[in-house]
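Naming: A, B, ... by sequence-line order, numbering from 1 per chain. It should be emphasised that the depicted structure is a prediction, and the values quoted were computed from it without experimental measurement. Side chains included, hydrogens not; waters and symmetry mates left out as well; all remaining heavy atoms used.
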There are 2 protein chains.
Amino acid sequence: MVFLSEQPVTAADKTFFQLRKDIVEGEIQPGSKLSETELSTKYAVSRSLIREAINRLEACHLVERKANVGARVVALTQEGLTELYQVREALEGMAARLAAKNMTDQEIADLNGLLSSHFQEVKSAGSYYQEAGDLDFHYRIILGSKSNHLISMLINGIYHLVRMYRVQLGMAGPRVTTAFDEHKHIVQAISNRDEELAEMLMRRHISYSRNNIEAKLANNF
Amino acid sequence: MVFLSEQPVTAADKTFFQLRKDIVEGEIQPGSKLSETELSTKYAVSRSLIREAINRLEACHLVERKANVGARVVALTQEGLTELYQVREALEGMAARLAAKNMTDQEIADLNGLLSSHFQEVKSAGSYYQEAGDLDFHYRIILGSKSNHLISMLINGIYHLVRMYRVQLGMAGPRVTTAFDEHKHIVQAISNRDEELAEMLMRRHISYSRNNIEAKLANNF
DNA sequence: TGCCCCTATATTGTCGACACTTTGTTGGAC
DNA sequence: GTCCAACAAAGTGTCGACAATATAGGGGCA
């Protein structure tokens, strides 16, 4: 698994990471209110740190805050999901394009290796991709873009919301079978340094993924 | 001019807006250090509000903070500009696509009207677009996407950084003459509800703009 | 009975003080 | 003269208290 250099250095960081985890993994339910005083006793830190954490969570669209009223965890809706995946399509498409341009040969070789190891899992288990494997694949391409802006927006930003939708909809990962072929073709395009194709395939891949998850969400409501 | 509903409701908001303004417009120089104590006396508010403002500025990539050391205004570099415009190309391309799909006929008519009034200015003044006019055009399309995620990321996020580069490079706006035709064609595509073309033309428009501004920046260093 | 206003309470917004970390300096030893 | 270590100063990180605002409940009036 690719390591994200997100190491907490201060107590505020720890509080933020913990709170984000509890929200993304559903321990704190979507739509529920975030009381600063309550959370400060729960996590045993001062209200200042809770406030800072909530501010950061607001910046990555995990909570919504109203002045003088309070903050709530975002509610998961069909429209929200659609918007999220549209942004993801645009940004990750660009990331794939840049990855085709900027990844080193070694990184591409590693990516192929990752794909092979996933292929083994598919053969043995008969189904592709748990959450972690899919994230690993996408993270490598995002990091491969070598664009700090893109990396920050995707990995520190919207991917936590993506994971939150997945958890709430009770999926271990994306579509189990077809996704592998799509990943394979994307890696091929990157190997060939075909920027145009890499972007197009990534966008389609995410678009398919959106259709799939939208269908699941429609069942939930 | 389209009004952005960014109305300060709390003192923290005012501090944030003021500080952001001073950074974007160059009153506080790129790369300079942001001392919390110093700023708290300068703006006559407590350190807490300054801290919150700096946190928000960090979220939109206007400052960089190191734990226990401090925050600095971002330095403007060739790579940073390139990355910024790549993100902009991806997101605004998607915005144009969605605008072609989601703008009302009335909004499209207004957009055409805006273009006409700009055309008058071109004829009389001989040059297209001051900063404000260009921003207005792009903001309308972004808002026309009707996607809260996109709107937030672009208008609350990266557009301030875009303006900061423009100010620092001493440009009143984008390329003065050619931009008008590009805008016209984008509006035509949106009028025809041609999502594909609208996205493509917007991406090209921003790509051209990037080449233009990169050249100017190369001269400055 | 229904509506409005007012008050009480709980929650958020703002502040100044204290604790800890970093950094630059000064002194001494080799 | 150079390097290392202890120290001092400045700045950031964290905290609890006070102020201001929104919400809910009850009482008064039509």
Working note: A:Lys42 + A:Glu38, criterion salt bridge (Lys or Arg N to Asp or Glu O under 4.0 Å); need CA distance, chi angles, decisive distance, verdict. CA-CA 6 Å; A:Lys42 177 177 174 183; A:Glu38 187 181 322; over 6 Å; no

Report the distance from atom [atom1] of [X] to atom [atom2] of [N], rounded to the nearest whole Å.
X	N	atom1	atom2	answer
B:Tyr43	C:dT14	OH	C1'	19 Å
B:Glu52	C:dC15	CD	C1'	13 Å
A:Asp13	D:dT12	CG	C1'	13 Å
B:Ile54	D:dG13	CD1	C1'	13 Å
A:Ile50	D:dC15	CD1	P	10 Å
B:Arg65	C:dT22	CZ	P	15 Å
A:Lys66	D:dA20	NZ	C1'	19 Å
B:Glu36	D:dT14	CD	C1'	12 Å

Between [N] and [X], is there an OP1 or OP2 to side-chain N/O distance shorter than 4.0 Å?
X	N	result
B:Arg51	D:dT12	no
B:Thr10	C:dT14	yes
A:Lys33	C:dT12	yes
A:Lys14	D:dT14	no

By nearest atom, which of the nucleotides D:dG11, D:dT14, D:dC15 is closest to the B:Thr37 side chain? D:dG11

Please determine, for the side chain of A:Leu49, which listed nucleotide (C:dT11, C:dT22, D:dT14) has the closest atom?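 Closest of the options to the side chain of A:Leu49: D:dT14.
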
Indicate whether any N or O donor in one side chain lies under 3.5 Å from an N or O acceptor in the other, for A:Thr37 and A:Ser35.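 A donor-acceptor contact under 3.5 Å links the two side chains.
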
Determine whether the side chains of B:Tyr159 and B:Glu92 contain a donor N or O and an acceptor N or O closer than 3.5 Å. yes

Confirm from the modelled atom types if B:Arg47 and D:dG11 form a donor-acceptor pair under 3.5 Å, side chain to base only. no

Between atom CG of A:Asp105 and atom CZ of A:Arg193, what is the distance when rounded to the nearest 0.5 Å?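 So the gap between those two atoms works out to 5.0 Å.
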
So B:Leu34, base contact, sugar-phosphate only, or nothing? Heavy-atom distance under 4.0 Å. sugar-phosphate

Return the 5'-most residue of the pair A:Ala12, A:Asn68 with respect to DNA chain D, ranking by each residue's nearest nucleotide. A:Ala12

Hey, does the side chain of A:Asn212 reach the backbone of A:Tyr208 with a donor-acceptor pair shorter than 3.5 angstrom? no

